[in-house]
Structure formats: structure tokens, C-alpha cells
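Any value given below was found using the heavy atoms of this structure, including those in side chains, with hydrogens, waters and symmetry copies removed. Order of appearance sets the numbers: ligands from 1, and atoms from 1 within every ligand. Remember, it's a predicted structure, so these values are computed and weren't measured experimentally.
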Amino acid sequence: MTRKANSLRNMPDLNGRFGEFGGRFVAETLMPLILNVEKSYEKAIKNKKFIEKLDTYRRDFIGRPSPLYFAERLTKFFGGAKIYFKRDELNHTGAHKINNVIGQILLAKMMGKRNIIAETGAGQHGVATATACALFGYQCDVFMGISDIERQKPNVQRMKLLGAKIHPVNSGTATLKDAMNEALRYWVSNADSHFYIIGTVAGPHPYPKMVRDFQSIIGEETKKQILEKEGKLPNTLIACIGGGSNAIGLFHPFLDNHEVELIGVEAAGKGLRSGKHASSINAGKQGVLHGNKTYLLQDKFGQIDDAHSISAGLDYPGIGPEHSWLNDIGRVKYLSATDSESIKAFKLCSKLEGIIPALEPAHALHVTGKIARERNKNNILIMNMCGRGDKDLPSVLPILEKKKL
Ligand SMILES: *Cc1c(COP(=O)(O)O)cnc(C)c1O
């Protein structure tokens, strides 16, 4: 890969920094593992066979390329800009997570590691990893907080069926951040045989870069597809943000197209002032968690605060370090949507397009609708439909019934 001077796509630097963010804040014992992953990864992406394998699994197992779809009825409904969906919910296992998992498991294979570790919150990354492990015949250890195990039963059942072993995590708030701490600990004590597949653009360098690179297929396809359909680049790209992997995957190939506006949507939960949200950029402070420096939800003593969102996939108290940097240099705007705004968008999309979105992209859809209304019909918006909503019916239906929505 040639590096263009002054490109925003050259980050991170050799120390894994995005400006002041990112880096590698890990225990000495973890350092050799991380350095080994970095070295192997840099070798892999220059290896023609590795890239060919990745392309084959993308096409034949994941089902890529995913379509770019003109959402005609929603466009009419909002009465302004043209709305397109990048249909990553059509991927095998129902979300974008598998794009990254297939890349990392191929790397594990190249490194001779046959045992895979993963953390999971909602269970989507756990399911994607258990799926890939079944495909490769590898052992899969998934760390999951006990609160999440209770909240996400169907995904726990899917992981077990696929052959994964679930390690319940009791510490802290028994949710995603604690599962990730435990997974990192387990990795240190099983270093020789195990590879840790992180599910979003977080963790110590090289994970934020590596996960971004594997997810960038979303933006690369989008660029080609919109040029074919419209003969020009879009005005605006919109994606929801948990840790930030589907968003950076869509944005990254467009970072140097400065005329294309980029918008990330955080979960505002019950409102930014309620204290019950997951908006690390809009309402967090700088700190260090899971091996990198970034914006985090924290109290005045610097302890990590609990995140809240109706959507389990956005329920993370941090954000990938590249997003923190893109926010501070002003290249990406970070807005937010509340639980109830997202539920309305969830219902609207199901009724008007015949697509039941996951609650995560329903956050992005709320903001997409607001922007579409303010623009004229020559304006083009593309939203990443990063997951399907079947998994969300048990949590959404009772709310819809109660509110008679
Ligand atoms: C996991 C997940 C997210 C959040 O993760 P990112 O790394 O921010 O993409 C969003 N949407 C869906 C459908 C997910 O499964």
C-alpha cells in the first residue's frame, strides 16, 4: 500500500497513535503478544494468498458485496434528500461483525493459533466468532458478563450450538467492559496457544487499525456502488457508534474526500443529561481503558461509568481512539439519538421498507431522517444498515405495546 502525503488515512503512526489517542497501555506480560500480532498482521496484508483467502470467504461465506439500496419510500416520507442503505445486515450472522472476525481468524491460522478468545456484550461478536470457529474447527472461548448472559439468551444458545464455551464474568458490572478485561487476562495466561479476536476498533494497537482495515470493505464497496448508481459521491455518510467499527469501516475510504460529510451517531439513552446514555464523545472525558487512550464515560474520580442504551450493541463506555481523533480535528461530526427516537425509527423502517433494522442502526436512521428533511432531492445520504433487528424483538415489542406505538 502506498501512503499519500497529508492523507488522513495514514493514521495511526508507528506507535499506534491517532494524534494523542490510541497507543498501547498494557501490562509488560501482554507486550510480546501484541507485538507478535502486529508483526504478523503487517506481513499478512502484504501476502497475496492471505488476501485471496479473505476475498473468497467474503464472497462465498459472508455473502459480499452487500447491496447499496435506494430506500424510496423512506425518501418520500421525509420529503428531502435521497436515502440509501448499505445493506450489511444481509451478511451471514446478520451484522457487520463477521467482516472483522473472518479477517482475524485467518490471521490466527497464519500464526498457527488454533484457540480463539472473544469478548461479547450483546452476543453479536460472540456469535460471529463462534461461527468462524466452527468453520475452521477451532476452539472458541467467549467471555460474557453474567448480566448480559441473562439479557441475551438467544445469542448464548446460538454460541453454544456452534460449539463455543461461555465463560461467565462476575466482576465489576458484569457487562462488556468487564468481559473484555477478563478476556485480556485469560489471553496473557494462555499466550502460546490462543489468539484474541477483539470485536470493535478498541483495545491496544494494532487492534483499532486491524479491525478498521477489515471493516473498510464496507466503505470501499459503497464508493464503487454509489458512483455506478449516481455518478457522483454522496453528500453525507451516517453510521451508528458503539465502539465504532461499522462507522469507521464506512468512513475510512472517504476520509480524504473532504466534500463528503461524515456523521457518527452515539446512543443518547434516556437523554444526555440523564446520566443514562452511551455517548462517550458527546458526554465523556479523556482517559485510558482496554489498552488505549480515548474518550470515556467516567465519574469525577476517573472510574468508568456504566453505559446505558436500549440497544445492547451500543452499550460500551468508550469509543475507538481513531474516532476521538477524528472528532477533535473536526473531520467527523458526532451526534446522538435517544432510546425512544430509535424505537420510532425502528418501527418506521419496518413498515415503510420491509426491513427490520437492528436497534443500533435505528439510531443512525433517526438522524438520517432529520437530515433528509432539511435537504433537497439532489442531496444523497448513505446510512449503514449494519444489522438486522430480529434479535431485538423481545426487547422492543413490549415497549411498542405499552406505548401503543
Ligand atoms: C456490535 C454492533 C454495533 C456496535 O459496534 P460498532 O463497533 O460500533 O460497529 C452496531 N450495530 C450492530 C448491529 C452490532 O452488532
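- Inclusion of Ser245 in the set of residues having an N or O under 3.5 Å from an N or O of ligand 1 is warranted.
- Contact annotation: for Glu89 versus ligand 1, there are no heavy atoms closer than 4.0 Å.
- Note that Lys293 lies outside the cation-pi zone of Phe25, set by a 6.0 Å cut-off to the ring centre and a 45° limit from the axis.
- Residue-environment remark: NZ (Lys285) exceeds the threshold of 12 foreign heavy atoms within 6.0 Å.
- Of all the atoms in ligand 1, the ones that sit under 4.0 Å from a non-hydrogen atom of Gly387 are 13 (C).
- Note on ring orientation: taking the six-membered ring where Trp is involved, the planes of Phe61 and His92 are perpendicular (angle over 60°, cut-offs 30° and 60°).
- The minimum heavy-atom distance linking Phe346 with Leu393 is given by the pair CZ-CD2, 4.0 Å.
- When Gln215, Lys97, Gln124 are checked for heavy-atom proximity to atom 3 (C) of ligand 1, Lys97 turns out nearest.
- Separation of the Tyr196 and Phe143 ring centroids does not fall under the 6.0 Å cut-off.
- Among residue pairs with one or both ends in residues 67-78, those qualifying as side chain to side chain donor-acceptor pair (under 3.5 Å) are Tyr69-Glu353; sequence neighbours excluded.
- Residue Val201 does not touch ligand 1, judged by heavy-atom distances below 4.0 Å.
- Ligand 1 has a nitrogen or oxygen under 3.5 angstrom from a nitrogen or oxygen of Gly243.
- With a heavy-atom cut-off of 4.0 Å, His96 touches ligand 1 through its side chain alone.
- In the vicinity of Glu360, heavy-atom distances shorter than 4.0 Å reach the ligand 1 atoms 10 (C), 11 (N), 12 (C), 13 (C).
- Using a 4.0 Å heavy-atom cutoff, Gly244 is listed among the residues neighbouring ligand 1.
- Near Gly313, with a cut-off below 4.0 Å to any heavy atom, the atoms of ligand 1 are 3 (C), 4 (C).
- Close placement of the Phe136 and Tyr57 rings is indicated, their centers lying within 6.0 Å of each other.
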